[in-house]
Amino acid sequence: RRSSREHRRVTAEDSQRMARLDLKVGFSCNNRCLFCVQGDKRSRERDRSGDEIRTILDENKGGGGVVFTGGEPTLRKDLVELVAYAKKLDYSPIQVQTNGRRVAYAPYIKALVEAGMTEISPALHGSRPEIHDGLTRAEGSFRQVVQGIKHAIALNLPVLTNTVVTQQNSKDLPNIAALLLRLGVRHIQYAYVHPAGTAGTLFQSVVPRFTDAVPYIQRGLDLIRAAGARGCTEA
C-alpha cells in the first residue's frame with residue numbers, strides 16, 4: 001500500500017530489477033524473527049541442493065540478474081560457489097539478500113565479492129540493539145548487521161537495506177534511516193510486515209495499524225530523500 005506521494009514512474013532501473021531471477025535457496029535461518037512470513041517452514045521443508053540450484057540457474061540464464069534469498073542464504077556452505085557459478089553464466093547483477101549476520105566477518109564478504117556478488121541486501125530492523133535484537137530474537141544480531149554494512153561500504157559494494165515495519169519499530173523508522181545514512185547506505189527500503197507465518201500467529205502484537213505507521217514511514221523517506229539517497233516502500 002502506497003500513498004499518492006509514493007507512487008512513481010517505473011524507470012529503466014526498476015525494469016532491470018523486476019527482471020531478476022528470485023532464487024530461494026531454502027528456509028534455514030539463524031534468526032527467529034517475530035515477523036517471519038516463512039513461519040515453521042525451516043523445520044518442515046528441506047533446503048534446495050546445490051545441484052538443484054545450479055539447474056535453476058542453467059534454465060534461467062539469458063543476460064538477467066539473480067537474487068539469492070531464503071531463509072538465510074549465507075548459512076549455506078556452498079553459497080560462494082553458487083555465486084561464482086551464476087557469474088560464470090553471465091548473471092548480472094548478482095545480489096545476496098541476508099539478515100546480515102555472517103557478513104560481519106570480513107573474509108566471508110570478501111569471498112562473496114571475489115566470487116561475483118555485485119550487490120548485497122542486508123536487513124536492519126532497529127536503530128538500537130534492543131529493538132533489532134528483540135525483533136530477530138538473536139542477541140548480537142544488531143552489532144553483526146551493522147558491521148556487515150560497514151564491510152560492504154568499505155568494499156564499495158552497493159548496499160540495498162530492508163526494514164520490516166512492525167509495531168515494535170514503527171516509531172523508530174526515522175532513526176533507522178538516520179543510522180543507515182551515517183553508515184553510507186544509499187538505498188533504503190521499508191517493507192510493511194506481511195501478516196503470514198509467525199507474523200500471522202503473532203498478529204495482534206506485531207502488525208501495526210497502517211495509518212499509525214505511515215507518518216513514521218514518511219518521515220524516514222523524507223530524511224532519505226533529503227540526503228540524496230533512494231528511499232522506497234513495499235507493502
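What you see is a predicted model; the values in this text were computed from it and never measured. In what follows, every heavy atom counts, from backbone to side chain, and hydrogens, waters and symmetry copies are set aside. FYI, the numbering just counts along the sequence from 1.
- No continuous path of ILVMFWY side-chain contacts below 4.5 Å connects Val159 to Val67, so the two sit in separate hydrophobic clusters.
- The CG atom of Leu180 sits 12.0 Å away from the CD atom of Gln189 when rounded to the nearest 0.5 Å.
- Under a hydrophobic clustering in which Ile, Leu, Val, Met, Phe, Trp and Tyr are joined whenever their side-chain heavy atoms come within less than 4.5 Å, directly or via other members, Ile131 and Val165 fall into the same cluster.
- Across Val66, Asn60, Leu82, a single residue satisfies side chain to side chain contact (heavy atoms under 4.5 Å, CB included) together with Leu23, and that is Val66.
- Side chain of Asp90 to backbone of Gly63: no donor-acceptor contact under 3.5 angstrom is found.
- Inspection of the Asp58 and Tyr85 side chains reveals an N or O donor paired with an N or O acceptor under 3.5 Å.
- With contacts defined as side-chain heavy-atom distances shorter than 4.5 Å, the pair Glu119/Leu157 does not qualify.
- One hydrophobic cluster, built from ILVMFWY side chains closer than 4.5 Å, cannot hold both Ile56 and Phe27; they sit in different ones.
- Between Glu81 and Arg54 no salt bridge is recorded (no basic side-chain N to carboxylate O distance below 4.0 Å).
- Listed for the Thr161 side chain is no donor-acceptor partner under 3.5 Å among the backbone atoms of Ile188.
- Judged purely by atom type and a 3.5 angstrom limit, Tyr91 uses its side chain to pair as donor or acceptor with the backbone of Leu57.
- Residue-environment remark: CZ (Arg137) exceeds the threshold of 12 foreign heavy atoms within 6.0 Å.
- Here Glu45 contributes atom CD and Lys24 contributes atom NZ; the two are 10.0 Å apart, rounded to the nearest 0.5 Å.
- Distance OG1/Thr163 to CG/Leu124: 5.5 Å, rounded to 0.5 Å.
- Shown here is Lys110, whose NZ atom has no more than 12 heavy atoms of other residues, nucleotides or ligands within 6.0 Å.
- In terms of modelled atom types and a separation under 3.5 Å, the side chain of Glu52 and the main chain of Ser49 share a donor-acceptor contact.
- For the pair Ser92 (side chain) and Gly65 (backbone), a donor-acceptor distance under 3.5 Å is absent.
- When all heavy atoms of Val207 and Pro195 are compared, the pair lying nearest together is CG2-CB, 4.2 Å.
- Shortest non-hydrogen contact noted between Ala123 and Val145 is O-CG2, 3.3 Å.
- Proximity of Phe35 to Leu202: side-chain heavy atoms (C-beta onward) are nowhere separated by under 4.5 Å.
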* Could you check Asp172 against Asn175 for side-chain hydrogen bond (donor to acceptor under 3.5 Å, both in side chains), going step by step and ending with a plain yes or no? => CA-CA 5 Å; Asp172 193 43; Asn175 297 326; 3.0 Å; yes

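- The distance from atom CG of Leu155 to atom NZ of Lys150, rounded to the nearest 0.5 Å, is 14.5 Å.
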* To do: Would you check, one step at a time, whether the test side-chain contact (heavy atoms from CB on, under 4.5 Å) holds for Arg76 with Ile53?
  => CA-CA 12 Å; Arg76 296 186 64 99; Ile53 292 170; 3.5 Å; yes

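- Lys41 NZ: more than 12 foreign heavy atoms inside a 6.0 Å radius.
- The closest side-chain heavy-atom distance from Pro93 to Arg20 is below 4.5 Å.
- A distance-only check finds a donor-acceptor pair linking the side chain of Gln167 to the backbone of Gln204 [under 3.5 Å].
- His132 has its side chain out of reach of Asn169: every pair of non-hydrogen atoms, C-beta onward, lies at least 4.5 Å apart.
- Minimum interatomic distance between Ala177 and Gly220 (heavy atoms only, all atoms of both residues): CB-O, 4.0 Å.
- Ring pair Tyr105/His151: centre-to-centre distance not below 6.0 Å.
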* salt bridge (Lys or Arg N to Asp or Glu O under 4.0 Å) between Arg42 and Glu72: does it pass, once the steps are laid out? -> CA-CA 10 Å; Arg42 73 183 76 194; Glu72 178 49 43; over 6 Å; no

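- Atom OG1 of Thr198 is separated from atom CG of Asp40 by 7.5 Å, given to the nearest 0.5 angstrom.
- Counting only heavy atoms from C-beta outward, the side chains of Asp47 and Val25 never approach each other to under 4.5 Å.
- Taking all atoms of both residues into account, the shortest heavy-atom contact from Ile120 to Ala152 is CG2-CB, 3.9 Å.
- Contact annotation: the side chain of Cys232 approaches that of His187 to within less than 4.5 Å [non-hydrogen atoms, C-beta and beyond].
- Taking the six-membered ring where the residue is Trp, Phe210 and Tyr192 present perpendicular rings, their angle passing 60° and hence far from 30°.
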* Given side-chain contact (heavy atoms from CB on, under 4.5 Å), test Leu181 with Arg186 step by step and report yes or no. => CA-CA 7 Å; Leu181 290 168; Arg186 307 302 295 169; 4.3 Å; yes

* Asked: How far apart are the C-alpha atoms of Asn99 and Thr136, what are their side-chain angles, what is the distance that settles it, and do they pass the side-chain contact (heavy atoms from CB on, under 4.5 Å) test?
  -> CA-CA 9 Å; Asn99 61 27; Thr136 64; over 6 Å; no

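- When side chains are defined from C-beta on, Tyr190 counts as touching Ile224, because their heavy atoms get closer than 4.5 Å.
- A chain of hydrophobic side-chain contacts below 4.5 Å, direct or via other Ile, Leu, Val, Met, Phe, Trp or Tyr residues, connects Val164 to Tyr216.
- Residue pairs meeting the side chain to side chain donor-acceptor pair (under 3.5 Å) criterion with at least one partner in residues 205-214, sequence neighbours excluded, do not occur; the list is empty.
- To the nearest 0.5 Å, the span separating SG on Cys29 from CD on Gln38 amounts to 9.5 Å.
- Hydrophobic clustering of Ile, Leu, Val, Met, Phe, Trp and Tyr side chains at less than 4.5 Å, counting indirect connections, unites Val214 with Val206.
- In summary, the side chains of Asn31 and Arg101 do present a donor paired with an acceptor at a separation below 3.5 Å, with no hydrogens or angles considered.
- Pro174 approaches Leu223 most closely through the heavy-atom pair O-CD1, 3.5 Å.
- Contact detail for Gly50 and Asp78: the closest heavy-atom pair is CA-OD2, 3.6 Å.
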* Where do Thr166 and Leu34 land on the side-chain contact (heavy atoms from CB on, under 4.5 Å) test, with the steps shown first? -> CA-CA 9 Å; Thr166 67; Leu34 294 175; over 6 Å; no

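- Test Thr69, Thr74, Asp22 against Gln97 for side chain to side chain donor-acceptor pair (under 3.5 Å) and you get one pass: Thr69.
- Within the 4.5 Å cutoff, the side chain of Phe68 has no heavy atoms near those of the Gln95 side chain.
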